[in-house]
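Inspection log for the structure reproduced underneath, given as structure tokens.
Keep in mind that this is a model prediction, so the values were computed, not measured. We count ligands from 1, going down the list as the structure has it; atoms in each ligand are counted the same way.
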Amino acid sequence: MKRIAVLASGSGSNFQALTEYFRQTAAAEVAVLICNTADAPCLDRAAQLGVTCVCRSPKEFAGRAAYDTWIADVCRAHDVGFVVLAGYMRILGEPMLAAFPNRILNIHPALLPSFPGCRGVEDAVAYGVRVAGITIHVVDAGVDTGPILYQCPVPVLTGDSLETLRRRIAFVEHQAYPRVVEAYLDGRVTLQGRRAVWKEELPWVNGS
Ligand code: GRF
């Protein structure tokens, strides 16, 4: 059983989707939720789902490296071999990247390399895109720059508000993220340099 740590800062809907998916497939287990925000709703979800959660503020630490070293220690203490970012609003530094090289995935609510950063959906809508989407990628030292494993378009519909578009993006995220994590863990998708090689391509999720 592969043990996963999920890092989240906010609502935690992807954390919940991952936890529920892996409870059904048993390919992996979400062993711990690590959170940096004391009042984040993801903590309530973890309590409801019965997932161990650990939350400490970065302010308690001397700096970014010290905080990331603490996260790596928590992962080791929970015998975790793989890390999934799910709305984690901090940039991971060297202590985590060195502890889990190419073993950390992130999900972004836009079609990278367009609209990186923490306002992906807003920036895409403000730009006027007709096709939004999601990207799941391996984490490197940059902001949303790591090798892309999977992308899925989400059309912008006439009459969409930010909220309705966000909802459809979230639906696609919840379907796709656990399956891409599973495929990466199983070796069904591997990296050749920056490029993902799939043994069998994962279909797009219909988010319309
Ligand atoms: C998602 O849109 C994800 O793409 C981004 O942060 C959001 C997290 O949502 N990285 P939730 O906390 O999983 O509900």
Which word best sums up how the rings of W70 and F61 line up, parallel for under 30°, tilted for 30 to 60°, or perpendicular for over 60°?
tilted
Heavy-atom contacts with E173 under 4.0 Å: which atoms of ligand 1 show up? List them by number with element.
1 (C), 2 (O), 3 (C), 4 (O)
Which of the atoms of ligand 1 are close to S13, meaning less than 4.0 Å from one of its heavy atoms?
11 (P), 12 (O), 13 (O), 14 (O)
Taking the six-membered ring of W198 as reference, does the cationic atom of R188 (NZ for Lys, CZ for Arg) lie under 6.0 Å from its centre and within 45° of its axis?
no
Part of H108 within contact of ligand 1 (heavy atoms, under 4.0 Å)
backbone
Suppose I only count heavy atoms of S11 and a 4.0 Å limit; which atoms of ligand 1 are within that range?
12 (O), 14 (O)
Once rounded to the nearest 0.5 Å, what's the spacing between atom OG1 of T135 and atom CD1 of I148?
5.5 Å
Nearest-0.5 Å distance, NZ of residue K59 to CG of residue N36
10.5 Å
Interatomic distance, L92 atom CG to R64 atom CZ [nearest 0.5 angstrom]
8.5 Å
Judging by distance only, is a nitrogen or oxygen of N14 under 3.5 angstrom from one on ligand 1?
yes
So, 4.0 Å and heavy atoms of A8: is ligand 1 close enough to count as a contact?
no
Not counting sequence neighbours, which residues clear ring-ring contact (aromatic ring centres under 6.0 Å, His included) with F82? List them please.
Y184
Answer whether the closest heavy-atom distance between the side chains of Y21 and E182 falls below 4.5 Å.
yes
Give the atoms of ligand 1, by number and element, whose distance to some non-hydrogen atom of P109 is under 4.0 Å.
2 (O), 4 (O), 5 (C)
Between E122 and R166, is there a side-chain N and carboxylate O pair less than 4.0 Å apart?
yes
Close N or O approach (G12, ligand 1; < 3.5 Å):
yes
Judging by distance only, is a nitrogen or oxygen of F15 under 3.5 angstrom from one on ligand 1?
no
If you scan protein heavy atoms around atom 5 (C) of ligand 1, the nearest is I107 O, 3.8 Å
Closest to atom 8 (C) of ligand 1 among protein heavy atoms sits G87 CA, 3.6 Å
